[in-house]
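Quick caveat: nothing in here was measured; it's all calculated off a predicted structure. Numbers restart at 1 for each chain; the letters A, B, ... are given by sequence-line order, proteins then strands.
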Amino acid sequence: MRLRRIKAIAVKEGLQIVRDPRSLMIALLLPLMQMFMFGYGVSLDVQRIPLCVLDNEASQQSRDLIGRFAASRYFSLVRALGGQRDIAPRLDDGTCRIVLVIPSDFSRSLNDTGAGRLQALLDGTDSNTANIAANYAKAVVSAFSISLQLETVQRKGGVPQSLTPVDVEARVWFNEELESRNFIVPGIVALVMAIVGAQLTSLTIAREWERGTMELLISTPVQPMELMIGKLLPYFCVGLADAAICLALAVFWFDVPFRGTVATLFFTTSLFLLVVLSIGYIVSVSIRSQVGASQIALLLTMLPTTLLSGFAFPIDQMPALVQGVTFLVSARYYILILKAVFLKGSGLTALALPILCLALYALVLVVLAARAFRKTLD
Amino acid sequence: MTSESRITVDGLIKRFGDFVALDGISFAVGAGEIMGFLGPNGAGKSTLIRILCGLLRPSGGQASVAGIDVASDPEGVRRRIGYMSQKFSLYGDLSVVENLRFFGGIYGVPRSALDGQVAFVVEMAGLQGREDSLVATLAGGWKQRLALGAAILHRPSVLFLDEPTSGVDPQSRRRFWDLIHRLGADGVSVLVSTHYMDEAEYCNRIALINRGRLITLGTPHEIKARSVAGELLAVEAEDVGRAIAALREAPGVRNVAVFGRLLHVVVDDAAARASELKARLNALGMAGVRTERILPTMEDSFVHLVGRAGRSPEGAA
């Protein structure tokens with residue numbers, strides 16, 4: 001192996017990257033776009049659920065309650081309905097996801113018995129959102145009833161002593177909602193890095209075949225290992241820039257708390273980059289067309305990373321066999337590391353095992369990539 | 001001869017599935033010799049060159065380049081050769097000098113010598129003032145000379161050129177052949193393939209190849225003398241089809257072939273037969289028949305030899 005040749009290839013590849021500003025822009029903008037796309041698309045945050053209200057009483061108290069819904073960031077009041085038969089059409093055409101029905105005896109029974117009754121009708125086609133909306137609604141109502149009791153007690157001149165316990169369930173939901181983003185965004189960083197990383201290198205060998213430059217290149221004394229290292233080096237730099245973009249977005253845009261060190265983050269990210277760049281390179285060597293290689297690289301990185309890395313579906317709830325397969329998904333380790341570095345501030349020692357797994361994975365793939373290339377036209 | 005030869009090929013066979021691309025080819029090329037491979041598209045010229053460059057593995061037979069067996073040590077071969085592929089294969093998005101420095105790095109041209117070599121190649125290819133132009137913007141003849149320059153940057157002793165002049169204007173072709181002769185004079189062995197018959201005349205020796213078989217091998221002079229047994233008449237007539245039939249039956253005629261609008265007729269004695277043949281065609285009612293004695297070209301030889309090999313295998317050279 002000669003450093004001279006590696007340098008010649010790396011310089012050539014670097015020049016080609018710089019000479020093609022459009023591709024370079026795509027390489028840097030793609031992760032930005034994907035971070036936003038997945039960041040908002042995959043987020044479990046449910047805010048501004050469209051709400052319709054059927055107020056059959058129109059009392060001071062019913063209006064107070066509606067006001068609380070309208071003021072909450074979880075609901076946005078889109079329409080007040082005129083009667084019972086308006087409810088189904090509004091849910092059908094998607095004007096709202098939830099309809100709050102206030103009965104005509106709401107405040108009377110509230111004042112008489114201390115317990116009012118409300119009805120919430122939810123669009124169950126998206127059961128996840130419906131579930132979350134129902135819980136938000138409970139929380140709003142619960143907050144309403146607490147302040148109502150407080151008011152009653154104060155009006156009677158007493159000191160609040162034994163209030164109805166705070167609705168614990170609602171508070172848990174709020175926390176959960178905040179945490180879900182913190183858990184998801186590191187996963188999205190891994191997903192975007194996997195997709196972009198493999199895309200970067202998936203074209204590099206296929207392009208030489210398509211343009212006819214490969215025939216001359218393999219007639220030279222260049223060694224497969226030299227070719228691979230020289231080709232991966234410039235893309236590794238682009239990949240690190242992509243990683244910086246993704247991680248900065250995670251911290252500064254999506255407000256994921258960052259408690260670890262930047263060094264740990266980039267060390268582990270480098271290992272993961274080596275894995276995905278090698279995958280793209282192997283695909284590019286095997287499939288001699290740029291379009292084909294790009295598609296296969298996308299499949300090979302996106303599917304396992306979304307389905308089997310624990311990013312979207314918890315690994316411990318998968319069947320045993322599938323759980324075994326997840327050990328072969330490199331993103332599994334990277335996501336684990338990212339979450340720990342971000343949320344727990346874990347360092348290298350705490351993460352020794354997953355880092356070792358990732359490093360081993362990178363080593364195996366780099367060797368495979370070096371051996372995948374055959375200097376022959378046969 | 002064998003100890004001096006830079007390329008030795010013995011009974012070389014290459015099969016792609018059922019298709020036999022090379023069918024037992026043997027020849028040798030000496031130091032400083034310019035050897036031309038002439039044949040139609042699909043004759044097996046590119047396959048032969050690719051095997052000798054270590055890009056394809058032979059299916060049978062033996063071949064060695066610069067004393068190294070191509071099947072057992074293709075890397076050893078690659079270090080010692082220069083190759084110019086049929087399709088232009090430098091990097092269009094890199095400049096002239098960037099391309100040359102890249103191949104200099106790949107071939108391990110010593111750093112101290114690289115600048116000098118690059119300057120030499122730029123001068124040789126007539127690319128002064130274009131050093132920083134992107135290669136994609138160069139015209140055909142310049143690209144081709146640059147590709148040759150990239151192939152000799154590391155001073156190989158053997159050079160393979162696969163149809164280097166296809167799609168290049170005649171003036172650039174002429175200039176290109178001058179460069180090849182300079183290399184030959186420096187002791188570089190050159191194996192060049194072409195389907196331009198006239199280019200074959202620039203080679204020291206020529207191998208005619210068709211359908212994977214070597215039809216004949218020799219100097220241009222030898223081949224022409226050997227293949228065209230007799231003298232040659234160019235005949236111009238209106239009705240080519242009937243003229244061919246009539247000429248084939250005439251006494252003293254050995255072969256008739258169509259060359260554009262003319263018929264090339266091989267006869268035993270051009271001076272004697274010219275008026276005979278003209279009279280024969282006039283008798284068939286053809287007016288405006290003209291005959292002229294010409295010297296055989298490589299194309300005549302090729303048509304003659306391929307025709308003979310195709311029609312009667314036992315008559316092949």
Side-chain angles (χ1 to χ4, degrees), chain A residues 1-27 203-231 233-235 285 288 290 370-371 373-378, chain B residues 14-17 46-47 49-59 70-71 73-95 97-111 114 134-136 147 150-151 153-154 156 159-160 162:
Chain A
M1 200 162 73
R2 291 174 64 164
L3 223 56
R4 184 79 191 289
R5 285 198 202 117
I6 295 174
K7 193 187 150 207
I9 292 165
V11 167
K12 181 220 99 178
E13 207 67 25
L15 281 170
Q16 288 187 307
I17 294 173
V18 176
R19 293 279 152 79
D20 186 3
R22 222 168 39 130
S23 300
L24 186 61
M25 283 302 279
I26 291 172
L203 302 181
T204 180
I205 296 287
R207 186 171 48 220
E208 300 242 14
W209 282 115
E210 274 187 11
R211 293 187 184 169
T213 49
M214 186 52 88
E215 176 152 354
L216 191 54
L217 196 56
I218 61 177
S219 81
T220 71
V222 70
Q223 294 303 300
M225 180 68 103
E226 297 161 348
L227 185 68
M228 184 205 65
I229 299 175
K231 286 237 172 208
L233 265 178
Y235 290 108
V285 167
R288 294 180 180 184
Q290 293 191 71
R371 307 189 71 176
F373 185 67
R374 293 258 172 275
K375 284 182 73 182
T376 172
L377 294 172
D378 279 300
Chain B
K14 178 64 185 178
R15 291 185 209 93
F16 296 104
S46 290
T47 304
I49 289 180
R50 284 169 169 174
I51 288 176
L52 294 179
C53 292
L55 301 182
L56 291 173
R57 288 186 65 81
S59 312
V70 293
D73 186 12
E75 280 308 319
V77 170
R78 289 186 186 118
R79 274 195 294 274
R80 289 166 174 83
I81 60 159
Y83 172 50
M84 191 175 154
S85 59
Q86 190 169 355
K87 196 182 164 206
F88 180 75
S89 47
L90 299 187
Y91 297 94
D93 46 358
L94 261 54
S95 76
V97 167
E98 284 162 356
N99 264 290
L100 292 175
R101 297 194 75 88
F102 170 67
F103 283 102
I106 291 287
Y107 277 108
V109 176
R111 264 174 234 277
L114 186 57
L134 292 189
V135 164
L153 199 65
H154 56 297
L159 191 58
F160 294 97
D162 193 0

Using a 4.5 Å cut-off on heavy atoms from C-beta on, say whether the side chain of T220(A) contacts that of Y107(B).
-> yes
Are any non-hydrogen side-chain atoms of E215(A) and Q86(B) less than 4.5 angstrom apart?
-> no
I need the minimum non-hydrogen distance between [X] and [Y], along with the two atoms involved.
X: G212(A); Y: S89(B); answer: O-CB, 2.9 Å
X: T376(A); Y: L56(B); answer: OG1-CA, 4.5 Å
X: Y83(B); Y: L216(A); answer: O-CD1, 3.1 Å

State the [atom1]-[atom2] distance between [X] and [Y], to the nearest 0.5 angstrom.
X: L377(A); Y: L55(B); atom1: CG; atom2: CG; answer: 5.0 Å
X: K7(A); Y: I106(B); atom1: NZ; atom2: CD1; answer: 12.5 Å
X: Y91(B); Y: E13(A); atom1: OH; atom2: CD; answer: 7.5 Å

Is a donor on one side and an acceptor on the other found under 3.5 Å between the side chain of K87(B) and the backbone of R211(A)?
-> yes
Just by distance, do the side chain of R4(A) and the backbone of V109(B) share a donor-acceptor pair under 3.5 Å?
-> yes
Under 4.5 Å from any heavy atom of chain A - which part of [X]:
X: L134(B); answer: side chain
X: R111(B); answer: both
X: R50(B); answer: side chain
X: F103(B); answer: side chain

Give, as side chain, backbone, both or neither, the part of E226(A) having an atom under 4.5 angstrom from any heavy atom of chain B.
-> neither
If one checks every heavy atom of I6(A) against chain B at 4.5 Å, the contacting part turns out to be neither
Do you know which of G108(B), P74(B), C53(B), G54(B) has the most heavy-atom pairs under 4.5 Å to chain A?
-> G108(B)
